[in-house]
Each structure stands twice: as structure tokens, then as C-alpha cells.
Number of protein chains: 4
Amino acid sequence: MLSIDPSDPTPLYAQLDRAIRSAIGSGRLRVGDRLPTVRQMAVDLRVNANTVARVFGELERAGVVETRRGVGTFIRARPADALSADDRHRRLTALADRYLADAADLGVSVDEAIAHLRERRAAEREETSDGQ
Amino acid sequence: MLSIDPSDPTPLYAQLDRAIRSAIGSGRLRVGDRLPTVRQMAVDLRVNANTVARVFGELERAGVVETRRGVGTFIRARPADALSADDRHRRLTALADRYLADAADLGVSVDEAIAHLRERRAAEREETSDGQ
Amino acid sequence: MLSIDPSDPTPLYAQLDRAIRSAIGSGRLRVGDRLPTVRQMAVDLRVNANTVARVFGELERAGVVETRRGVGTFIRARPADALSADDRHRRLTALADRYLADAADLGVSVDEAIAHLRERRAAEREETSDGQ
Amino acid sequence: MLSIDPSDPTPLYAQLDRAIRSAIGSGRLRVGDRLPTVRQMAVDLRVNANTVARVFGELERAGVVETRRGVGTFIRARPADALSADDRHRRLTALADRYLADAADLGVSVDEAIAHLRERRAAEREETSDGQ
DNA sequence: GTGGTCTAGACCACG
DNA sequence: GTGGTCTAGACCACA
């Protein structure tokens, strides 16, 4: 479900943080769901357990996740729920502009960039229905 | 022209390498074009000159640019050599997935994220026609 | 009567151990007094019964309490044994330093921190006389 | 200047975090000051460098400190400056009440607790003038 | 030389 | 068995 690319120069912990937040934001993980254990996730992602524990710790401090001592780690909130609609819109615009700018650097037009997103949407839906 | 985001956990050198290759791949930089000097680029990007120099060195070893002593650094490779269609597609997918993941963290669905891009496209077109 | 702060990074067992010893040292618990049962205390403090049991066990080994099978756990040591004047002074210093450090983090000087305590003292006295 | 007590059950990283914030809040460290290097502080406090690095990282995320890549770590802001006067007062009251409650557990009256703080103030002033 | 990331592996606190 | 803390030590990015 979550995946890490060790050849990506982005630090592993940052990739995992983004992956978990994204899974929550998209509804693949829901409030109250239990995350895999630190050690299990470490095995699955072929990453050191400390790296996973570090991410869990940061998500806890951020209020995204709640850890119950000796029990496990649970989704606590959709991170976005703390944001005002205005703030959300502003941040989304920043993300969109970064995406378009990076795509332009690749020589990809806005229309192509949007078309590509539709492809990704289709790909995700297939994965999701595979999983069910 | 090129931009670096110091708050992105991706290492500066990886960001710069990618930015230069993208500019070549997209045709914004063409074979024979001269790059800014190491020091100039370091100042522009607010990055240490050693970091820029290392990226130039790696690009030279990769055959993407050519350094003529006392003259400057020039684009050597054709866009096709610098970035295959396959590479381009792979990178675009990485960008799209990052955009979708970050949008999901904001609680924004894929469909909304795409719709938002359309808005941005419309906004850009207006700005462009305003400017003419 | 005893209190535990789950958000304090100090381990629960250390908090509980300290709380019980303090209560004895201060005379709030006296020799011969019966402690609540492990389970009752676990419920009251919202802590796992094993954690309470372990603290009781350590206190027993230290000679501070005595467990009479099927009857309950009783305070055994005299206050003087449980907490020497020296210990008391050392602990008070630790508490004071923590208070001053946390106050400093809020940008509050030592003098202001002391002044604030005087206010609290006044407030408490009012409450107390109100209650009478 | 900063000190850690390895026998205190409070985690080392929490002790260090409090110590640094306190030093900033009390003015012993000022905006723009450079902190000792991670490795130096690790040696001084007889703690692993990773533990220090972890605290620096958390302080950076909290905006208390700024790290300049390859240069060092600098005080960025007095953490308290982000707080409203109201908020500060509320938190100070919580701290004071905790101190008084813990002191009461030790059998120490409010007046004694205040007197003890005055002692600590005197002790700190001596240390400070020794250092000059 | 600076800080940052990651690993391996020990030991602790908690349920 | 759960997560949390700490250590030792490697290697990387940056100035």
C-alpha cells in the first residue's frame, strides 16, 4: 500500500511521511485505523525500524496520529481538518503552480500535464480495485 | 530561470542537476548555449559555489555539458540524449504523484486537484493575454 | 489524590513511584494506611494494572510498603525513612529548577515567576476562605 | 552551561530540549547566537551525537533554531515571542500550579516553595557572575 | 569541518 | 508484542 523508492534522492523518512499523510488525506487510511507496527512496516518497506519510528514520532507530534503505549499507532485526524478553506486553497495553488512549473521544465505543456494526471487517476483506481 | 527550494528535503545538488537537465530536455537550453558561471549561478541560487561546481562536474562527466577553460560551460548534448521520452514520462509521473500526494494531504481529491489545475491554466492564459 | 500526567515524557512508573513516596514523605499517607488496590488505582489513574503492580512491587522490595496477601497493601515505612530531609531538599530543587526552566521558555524571568507564585498563593487563600 | 542528569528518568532529549529553550528564554542564549556543534555538545554532555542532532532537528522544526547547512545551528527566535500575553499567562499559571502541587506532595508549603525559589535565584546569579 | 540520514542492535516502558 | 530511547558508527550533503 505504501511504497518507498530508495533510489529517489528524497530522504526515506520524508517519502514515508508524505505517503502516510497522502493515504490519510485520500481516505485509504481512516480515522481510528491502526497503522502496521513499526517493525512490520520496516520489514515491508525494507527500511530500518528506527526510520519508521522517527516518522511515527513526527506524525504524533503533528497530531496526525496517536500512539497508545504498548498497543499501537492509530490515525487520529485528517491533517487537513485543521486548515481553513482559505488556507487550503492557497496551499493547493502553491502545489499546482509548482507542479506546472516543474512540468514546464520538462518541456511539458499545461494541457499535457493535466492529461498525465488523468492517467495517474486511472492507474490509482485500478490499483484500488485490485486491492478490494 | 532555474530555481532551488532550500526547504525541500531533496538535496540541493539533486535539485540543480534535475533543473539543468530538464531545461535542456525541454529546449529552454539548447546545444551550444553557455551556462552562467559557477559563481554567478551560486549567487543567483543562493547556494555555495562548490555545490554548483560539483553539479557542473557531474554533468560534464555525463557528457551533458562541456567546459572550455577560461571561456565557460556549454551545453553539449542534444535534448534527445539528455532526456529520452521514457525518462521524460517517468519524471512526469513522479511529479504528478507528488502533486497528488500533497494534495491528498490537504484533503483534496484527485478530481479536485485536476479541476484546480484547470483553474490555474485559465488564470495563466488571462495573465498572458493581459501582458500582450 | 495521586496524579499522573501522560503527556509528561517521564515514564508513568517513575511518576507513580515518586507520587507515592512524596505522599508518604509529606504525611498525606501514614504508616499503616492502606493503599487502594492495584486495579482500583489503575482505573483511577487510567494506567495499566501491570504498571501499578510493578510500582507496588518495587516499593515493597524497598521496604516502603508491605503487601498482606488477600488483605491489601499498607504503608510500612515512617516518613523519615522514606524521605530524608536531604532527599526532600534535592527533590524540591529539581521541581524548582523545572519550573524556572519552563517559565524561562515562556520568556518569564525568575523574578516574574516568583511574583506569579505569590499571586497564586493569594488566589488559593481566597478560594479557601470562600469555601469555609 | 547546559547540563543533563543521566540518572533523571526524564529522557535525555527532553532534558536537553528544555535546557536549550530555557537558556534562550532567560537570555543566556540570544537571537543569532551560534550553538555549539552537535558533536561538541555531545562530548560535553556525554551523550550520543544522534541524541543532540535529534533535539536540534526538533527545535528547527519548531522554529526555535535555524540550521545553516554546513555552517552551524543558530538561535532564531525566542520561542515565547509567538505567544500572546494571554496565552503566556495561562501557561505560566499551569506551570505554577503544577509546581505548587508537586511541592505540596513533598509536604512543602507554598511559602516554603517560594522561599526555595529565591534560593535558586541566588544560586543562578552566583553561577552567572562566576561565568563572567 | 558543519549538520543530516540511515543502519544495526541493545534495552526500557507499557499492555 | 507494542512503541520509545539510546548508542555506535557509517556515509552523505554542504561550506
Side-chain angles (χ1 to χ4, degrees), chain A residues 4 6 9-16 34-42 45-61 65-74, chain B residues 4 6 9-17 42 45-55 58, chain C residues 4 6 9-17 42 45-55 58, chain D residues 4 6 9-16 34-42 45-61 65-74:
Chain A
I4 293 295
T10 306
L12 302 182
Y13 82 90
Q15 290 185 51
L16 180 53
R34 185 180 167 191
L35 285 172
T37 70
V38 167
R39 289 162 175 88
Q40 186 56 48
M41 193 175 272
L45 300 176
R46 304 184 189 213
V47 149
N48 187 277
N50 281 326
T51 303
V52 177
R54 173 183 176 184
V55 172
F56 280 23
E58 286 182 9
L59 290 174
E60 159 126 69
R61 259 169 265 123
V65 124
E66 175 186 2
T67 104
R68 300 187 201 142
R69 297 173 120 144
V71 181
T73 304
F74 299 81
Chain B
I4 293 294
T10 306
L12 302 183
Y13 90 95
Q15 291 186 50
L16 181 53
D17 178 285
L45 300 177
R46 302 182 188 204
V47 152
N48 187 277
N50 287 329
T51 303
V52 178
R54 192 174 314 141
V55 172
E58 284 178 14
Chain C
I4 294 295
T10 306
L12 303 182
Y13 89 95
Q15 291 186 48
L16 181 54
D17 179 283
L45 301 177
R46 303 184 189 205
V47 152
N48 186 278
N50 286 329
T51 302
V52 178
R54 193 171 315 139
V55 172
E58 285 177 14
Chain D
I4 292 296
T10 306
L12 302 182
Y13 81 91
Q15 290 185 51
L16 180 53
R34 185 180 167 190
L35 286 172
T37 69
V38 168
R39 288 162 176 87
Q40 187 56 49
M41 193 174 272
L45 301 177
R46 304 183 189 213
V47 150
N48 187 275
N50 282 326
T51 302
V52 178
R54 173 183 177 185
V55 173
F56 280 22
E58 285 181 10
L59 290 173
E60 158 126 71
R61 260 169 264 123
V65 126
E66 175 187 2
T67 107
R68 299 188 203 141
R69 297 173 120 145
V71 181
T73 304
F74 300 81

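Chain naming here is simple, since letters A, B, ... match the order of the sequence lines and numbering starts at 1 in each.
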Chain D reaches DNA chain F, atoms under 4.0 Å from its heavy atoms, from F:dT5 to F:dA15
Range-with-range stems for DNA chain F, at least three Watson-Crick or G-U pairs under 3.5 Å: E:1-14 with F:1-14
Calculate, to the nearest 0.5 Å, the distance between atoms CZ and CG belonging to A:Arg54 and A:Asn48 respectively. 12.0 Å
So, for A:Val71 and A:Arg34, which heavy atoms are closest and what is the spacing to 0.1 Å? O-NH2, 3.2 Å
dist C:Leu45:CG -> C:Leu16:CG (nearest 0.5 Å) comes out at 6.0 Å
For the OG1 atom of A:Thr51 and the OH atom of A:Tyr13, what is their distance to the nearest 0.5 Å? 11.0 Å
Output for pair (D:Arg61 CZ, A:Arg61 CZ), nearest 0.5 Å, gives 6.0 Å
Between A:Gly70 and D:Val38, just flag the one whose closest nucleotide in DNA chain E comes earlier from the 5' side. D:Val38
Which residue lies more 5' along DNA chain E, comparing C:Asn48 with D:Leu35 via nearest heavy atoms: D:Leu35
Tell me the interatomic distance from C:Leu16, atom CG, to E:dG15, atom C1', rounded to whole angstroms. 16 Å
Show the nearest heavy-atom pair for residues C:Pro9 and D:Ala14, with the distance to one decimal. CG-CB, 3.9 Å
Report the distance from atom CG of C:Asp17 to atom P of E:dA13, rounded to the nearest whole Å. 12 Å
Rounded distance in Å - CD (A:Glu66) to P (E:dC14): 16 Å
With heavy atoms under 4.0 Å as the rule, sort A:Arg54 into base, sugar-phosphate or nothing. sugar-phosphate
Shortest non-hydrogen contact from A:Phe56 toward A:Val38: CD2-CG2, 3.7 Å
Rounded to the nearest 0.5 Å, what's the gap from CD1 on C:Ile4 to CD on C:Gln15? Could you check? 5.0 Å
5'-most contact on DNA chain F: A:Val71 or D:Arg69, nearest heavy atom basis? A:Val71
